[in-house]
Every structure is written in structure tokens, then in C-alpha cells.
2 protein chains.
Amino acid sequence: MGAAVEESLDLEKALKAIASPRRLQIMQWLQDVAANFPAQVHGDPVKHGACNLFITDKLEVSQPAASRHMKVLVEAGLVVATARSGWVYYRRNEPAVDALKHQLLAL
Amino acid sequence: MGAAVEESLDLEKALKAIASPRRLQIMQWLQDVAANFPAQVHGDPVKHGACNLFITDKLEVSQPAASRHMKVLVEAGLVVATARSGWVYYRRNEPAVDALKHQLLAL
DNA sequence: TAACGACATAGCAAAGTCGTTATGGAGCTC
DNA sequence: GAGCTCCATAACGACTTTGCTATGTCGTTA
């Protein structure tokens with residue numbers, strides 16, 4: 001794929017991504033990483049986001065289940081993953097979220 | 001305050017309802033019934049909406065499939081059904097759609 | 001009454017979703 | 001290197017979604 005262009009938001013994919021209680025909650029948690037997750041040693045909450053392990057713990061599902069939920073959100077463009085020394089941090093892709101909201105307002 | 005009725009909108013149900021290309025398109029068609037559907041004899045396009053038969057034709061699926069899609073939208077509260085002398089007309093429930101948009105803006 | 005048209009429901013099969021456990025790669029520490 | 005943690009993928013089962021055809025109900029019409 002090429003450079004990230006938020007205007008090419010796949011509405012159906014984004015809607016299916018958030019039409020799940022787990023993933024909707026993840027998106028809400030990621031609104032404030034510092035407030036909703038424990039302190040991290042290796043990544044900045046604001047700049048990089050929350051790591052998969054913390055999300056797994058909060059979701060109370062298995063680690064692979066959380067991992068796949070994050071993959072769905074990433075592939076929908078709503079979340080950005082940052083790999084960093086063994087950990088993977090996830091943060092919201094606000095331009096994409098805004099694009100989604102904008103498209104939904106025309107619904 | 002306008003007609004911002006705080007309905008008991010089930011966010012997950014509403015999201016799942018529109019997270020389908022068929023149903024999303026139906027919602028868009030229902031934005032302008034008079035423009036998107038043939039003239040009706042027995043029901044007013046604006047007041048009552050479009051009948052199941054026209055939606056079936058536009059969707060290019062079987063009549064039961066269209067009927068079930070409409071049921072999902074009705075049960076999500078996004079569409080209102082009006083039975084009238086053998087026909088059933090469907091129209092958007094704008095307050096519910098507005099409530100959905102409002103909730104999504106907080107995402 | 002009989003026939004027809006519009007719609008809903010039942011029943012079935014293919015495909016997708018979402019949980020699990022098992023396994024493997026990448027990076028850190030000793 | 002050995003061992004550990006974090007994360008992703010594979011493989012499987014249970015459940016849900018979505019298409020179809022067949023059938024039933026209801027209201028109108030001849």
C-alpha cells in the first residue's frame with residue numbers, strides 16, 4: 001500500500017470494525033491512554049499508544065483474540081500500530097476517525 | 001431545544017444494522033424516496049416511505065432477503081414501518097438517525 | 001368464494017465472526 | 001547460547017449472517 005490517505009476511508013470496513021462491542025470499547029479506551037492503561041516503561045502513552053498486553057488484560061480475552069481485534073481496527077485505518085523493541089503500541093488514527101464521522105453525518 | 005429526543009438507541013444494534021452494504025444503501029435511498037423509487041399509488045413517499053417491493057427490486061435480491069434487511073433496520077430503530085392496505089412502507093426514523101450520529105461524534 | 005398480489009416466516013446451506021489453544025518469530029537479559 | 005516475554009498466525013469449533021426456495025397470512029378484486 002502507499003502513503004496513508006485518510007480520504008480513501010473504506011466506510012463499510014470502518015463501520016464493521018466499530019460495530020463490535022469489544023472494538024468500540026478499545027476505541028474509547030484509546031481516547032485517553034494515560035487514564036485507561038497502566039504506566040508504560042518503553043512507550044509514550046500519547047505518542048505511541050497502548051501495548052497489546054494492556055489491551056488484552058482490559059478486554060479480558062485471550063492475547064490472540066485481542067491481537068486480531070487490533071488487526072481489524074488497523075486494517076480499517078482507525079488505529080495505527082507502532083512496533084518498538086518487542087512491544088507493539090496502538091493509537092487512534094484521529095484523521096481517519098474524523099473522516100468516518102464526517103461520512104456518517106451524511107448518512 | 002429542538003426535537004433532540006434522547007431515545008433508547010442501542011448503539012451496537014444500530015451500528016451492526018448499518019455495517020452492511022445493502023442496509024447502508026437502503027438508508028441512503030430512503031433519504032429521498034421520491035427521487036430513488038418509482039411513483040407509488042397507495043402511499044405518500046414522504047409521509048410513509050417506500051414499499052418493500054421497490055426496495056427488493058433496487059437491491060436485486062429476493063423478496064424475503066429484502067424483507068429481513070428491513071426488519072433489521074426496524075429493530076435497530078433506524079426505520080419505521082407503516083402497514084397500509086396490504087403494503088408495508090418504510091421510512092427513515094430521523095430522530096434515531098440523529099441520535100446515532102450524536103453518539104458517534106463522541107467516539 | 002376463488003384468485004391474486006404483497007409481505008413475513010420457516011428451513012436450509014455457504015460464508016463470515018469470534019472465542020479458544022498451540023505454535024513460532026523477534027528482541028531482551030543473563 | 002539459553003531462557004524469557006511480547007506479539008502474530010494457524011487451526012479448530014460454536015455461533016451468526018445472508019443468500020436462496022417454499023409456504024403461509026392478509027387484504028383486495030373479480
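Distances shorter than 4.0 Å separate none of the side-chain N or O atoms of Ser67(A) from OP1 or OP2 on dC7(D). Residue Tyr90(B) has no polar side-chain atom (N or O) positioned under 4.0 Å from OP1 or OP2 of dA6(C).
One can place CZ of Arg84(A) at 14 Å from P of dC7(D), the figure rounded to the nearest angstrom. Taking atom CD of Glu60(B) as the reference point, atom C1' of dG19(D) lies 14 Å away to the nearest angstrom. One atom, OH of Tyr89(A), and another, P of dC7(D), lie 8 Å apart when rounded to the nearest Å.
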Check nucleotides 3-6 of chain D against the protein and report each pair of N or O atoms closer than 3.5 Å, with its distance, or say if there are none.
none

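Taking 3.5 Å as the limit, the base of dA8(C) and the side chain of Gln63(B) contain a donor-acceptor pair of atoms between them.
Side-chain contact between Leu73(B) and Asn93(B): absent, with no pair of heavy atoms (C-beta onward) separated by less than 4.5 Å. Side-chain contact between Val74(A) and Tyr90(A): present, with at least one pair of heavy atoms (C-beta onward) separated by less than 4.5 Å. Using a 4.5 Å heavy-atom threshold, the side chains of Val33(A) and Arg91(A) count as separate.
Transitive grouping of hydrophobic side chains (ILVMFWY, heavy atoms separated by less than 4.5 Å) keeps Phe54(B) and Val80(B) in distinct clusters.
Partners of Ser20(A) according to the side chain to side chain donor-acceptor pair (under 3.5 Å) rule, which considers only residues two or more places apart in sequence or in another chain, do not exist here. Scanning for salt bridge (charged side-chain N to carboxylate O under 4.0 Å, His left out) contacts around Glu12(A) gives Lys16(A), with sequence neighbours left out. For the side chain to side chain donor-acceptor pair (under 3.5 Å) test, residues two or more places apart in sequence or in another chain that qualify with Glu94(B) are Arg92(B). Every residue two or more places apart in sequence or in another chain was checked for a side chain to side chain donor-acceptor pair (under 3.5 Å) with Ser67(A), and none qualifies.
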What do the steps show when you test Ile55(A) against His69(A) for side chain to side chain contact (heavy atoms under 4.5 Å, CB included), and what is the final call?
CA-CA 10 Å; Ile55(A) 295 172; His69(A) 279 307; over 6 Å; no
Going through the distances and angles, do Asp98(A) and His102(A) end up as a side chain to side chain contact (heavy atoms under 4.5 Å, CB included)?
CA-CA 6 Å; Asp98(A) 288 344; His102(A) 188 261; over 6 Å; no
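Residues in residues 63-79 of chain B take part in no salt bridge (charged side-chain N to carboxylate O under 4.0 Å, His left out) pair, two or more places apart or across chains.
Contact check of residues 68-76 of chain A against DNA chain D (heavy atom, cut-off under 4.0 Å) returns Lys71(A). Within residues 13-28 of chain B, no residue has a heavy atom under 4.0 Å from DNA chain C.
Of the residues near DNA chain C, Ala66(B) and Pro64(A), the one whose nearest nucleotide (by heavy atom distance) lies more toward the 5' end is Ala66(B).
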Quick one: side chains of residues 56-65 of chain A, donor-acceptor pairs under 3.5 Å with protein atoms, not counting sequence neighbours, listed by atom name and distance.
from: Thr56(A); atom 1: OG1; to: Asn52(A); atom 2: O; distance (Å): 2.8
from: Thr56(A); atom 1: OG1; to: Asn52(A); atom 2: OD1; distance (Å): 2.9
from: Lys58(A); atom 1: NZ; to: Asn36(A); atom 2: O; distance (Å): 3.1
from: Ser62(A); atom 1: OG; to: Ala65(A); atom 2: N; distance (Å): 3.4

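Counting non-hydrogen atoms under 4.0 angstrom, Ser62(A) reaches a base of the nucleic acid.
With dG27(D), dG19(D), dA8(C) as the choices, the nucleotide that has an atom nearest any side-chain atom of Ala65(B) turns out to be dG19(D).
Taking five base pairs at each end of the helix from dT1(C)-dA30(D) to dC30(C)-dG1(D), the local helix axes there meet at an angle of 10°, rounded to 10°.
Rounded to the nearest 0.5 Å, atoms CD (Gln103(A)) and CG (Asp10(A)) are 9.0 Å apart. Here Leu107(B) contributes atom CG and Leu100(A) contributes atom CG; the two are 7.0 Å apart, rounded to the nearest 0.5 Å.
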